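Notes for the one structure printed next.
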There are 2 protein chains.
Amino acid sequence: MPSLKKAPEATKRDAVKTRARILDAAQSLFCKHGLDGSTVEAIAKVAVVNKRMVYYYFGGKAELYLAVLEKTYANRRQHDSVLEMTEGDPEQCMRRLVRSSFRYCRNNPDYIKLLLAENLNGAKHLRRSKKVLNLHSPLLEKLGALLERGQQIGLFRAYTDPLQVYLTIASLCFFYHSNNATLSTVFGRDFSSSDSSIEREVHVEDVVLSYLKTRPSVEKKTRHQESAGHKPLEMIKHDNVN
Amino acid sequence: MPSLKKAPEATKRDAVKTRARILDAAQSLFCKHGLDGSTVEAIAKVAVVNKRMVYYYFGGKAELYLAVLEKTYANRRQHDSVLEMTEGDPEQCMRRLVRSSFRYCRNNPDYIKLLLAENLNGAKHLRRSKKVLNLHSPLLEKLGALLERGQQIGLFRAYTDPLQVYLTIASLCFFYHSNNATLSTVFGRDFSSSDSSIEREVHVEDVVLSYLKTRPSVEKKTRHQESAGHKPLEMIKHDNVN
DNA sequence: AGAAAACTTAACGTAAACGTTAATTAGGTT
DNA sequence: AACCTAATTAACGTTTACGTTAAGTTTTCT
């Protein structure tokens, strides 16, 4: 047995594990308190590690944050890549996709939190990442193929833009979870309850499928042009001052 | 003229104006950099005011933040309350509502930012507000009445829950704007462009109306129960670790 | 005009957090 | 067994930001 390490039995020093502990602690705290809200000292404490280790392994707070971000995105992509969409009833495939997306948001609050934080700062950190750029999104391609399959059997409407459909699914799944706190506060009820979540999930599935299965009429297209095409956005601008 | 103040002509001291300047500066900075990211000193500087004034007028940073929050919510409510939905073609009313909501998000990035920030911290500050609780939302009631009107002329489907419809509209309008930064980064294109925005707006309108105008089949209802009712959420849980 | 109230300012105390310097320990290598 | 390097620690310097103290200046009211 040449390169087999002996059983570590409570090894005092382990670079990989230490690094991982820091990363996990950072994710947990960044998601709870944001980048500014989390201190390097607190992260170190949770990771049971000396503060200096953060700088040793990651260089600094910002780089650590980026590492957390990339890990989170990778997890999401991995989740998407597992989805089977190339065969079977297109409607069922689509429902599976929507459900999967909804539940991913439900089960991964960290993902939600990190995206919220990034959007608050204009994706300042995400933009520094080389790993995250996704010009040819595999998910978008799979979704496009699925839409095509559905169209060909006359189930889905024609002329759908996969990107728009993707955005719609993402909106419906993400928003409910990202804005759960304010929604619950304003409406004075608990949207995070299991019952509310299931009810919402059913509705979301319904909305997406209704859209895809609706054959757009010429009449409707005309209305669209009326409503959005002619009136410039500035005309109904409202500013935010008192 | 008993209680008519004389013309101030460049008054050196003006409590209301000073207070307002602080509030505006705070809103601007809080939205750009968040609560933690903004310093009282910076706010004072933008407001052209001594730092001490923040404490004099608002008591502290947290209270100032709450004041900004309440002002922003009030502005949104005021915007909603103006909408006419009680007469005219229900479809047109609904399209107007969706468009109005979409464009409000587009034109009020501060509103978006503050909501994002609140959701990041679990609505910690918003919950301290007495003004914001909205148990009997006037908008929800107006929306319910509109749905009813549409149903009665056979235009909209029956059994719609106004709350779910509201959430759907909010999702579709809010998400595109709240997540514009990360979406643009990941897909490598500019979703904030006027063209993208208009294209999205048309799609969103289309999605909402498709849902409302689709008559749910019995078959579909059965599928829903299959898909969401029986399988418990825990069964497809994914955790966020590597 | 004078006093009181409202408003404004400068300067300071204190605490917390980032990142660094430099010394120390453990593990594997020769 | 001595050694060398990777991993770890303690302690410190510096900056920054919150909030306060106490004193000054307008405005307003009598």
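Since we're looking at a predicted model, the values are computed, not measured. The sequence lines fix the lettering, A, B, ..., with proteins before strands; numbering per chain opens at 1.
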Provide, to the nearest angstrom, the distance between the CD atom belonging to B:Glu41 and the C1' atom belonging to D:dT15.
12 Å

Given A:Glu70, which partner from the list A:Lys131, A:Arg76, A:Arg77 fulfils the salt bridge (Lys or Arg N to Asp or Glu O under 4.0 Å) test?
A:Lys131

In whole angstroms, the gap separating C1' of D:dA17 from NE2 of B:His33 amounts to 16 Å

In terms of side-chain geometry, is the basic nitrogen of A:Asp24 or A:Lys71 positioned less than 4.0 Å from the acidic oxygen of its partner?
yes

Spacing between A:Lys51 atom NZ and C:dT20 atom C1', to the nearest angstrom
9 Å

To the nearest Å, how far apart are B:Ile43 CD1 and D:dC18 C1'?
12 Å

Rounded to whole Å, please give me the gap between CG in A:Asn50 and C1' in C:dA26.
16 Å

Tell me whether the NZ or CZ atom of B:Arg200 lies within the 45° cone about the ring axis of B:Phe102 and under 6.0 Å from its centre.
no

If you take any heavy atom closer than 4.0 Å to DNA chain C, which residues from residues 52-70 of chain A end up in contact?
A:Arg52, A:Tyr55, A:Lys61

What's the CZ-P distance between A:Phe30 and C:dA17, to the nearest Å?
13 Å

With ring pair (Phe, Tyr, Trp, His ring centres under 6.0 Å) as the rule and sequence neighbours excluded, what pairs involving residues 40-69 of chain A come up?
A:Phe30-A:Tyr65, A:Tyr65-A:His125

Spell out, as yes or no, whether a donor-acceptor pair under 3.5 Å connects the side chain of A:Glu118 to the backbone of A:Leu126.
yes

With a 4.0 Å cutoff (strictly under), does any side-chain N or O of B:Thr18 reach OP1 or OP2 of C:dC7?
no

Interatomic distance, A:Ile22 CD1 vs D:dA7 P [rounded to whole Å]
12 Å

Whether B:Tyr111 and B:Phe174 hold their rings parallel, tilted or perpendicular, with breakpoints at 30° and 60°:
perpendicular

Separation of B:Asp14 atom CG from D:dT27 atom P, in whole Å?
10 Å

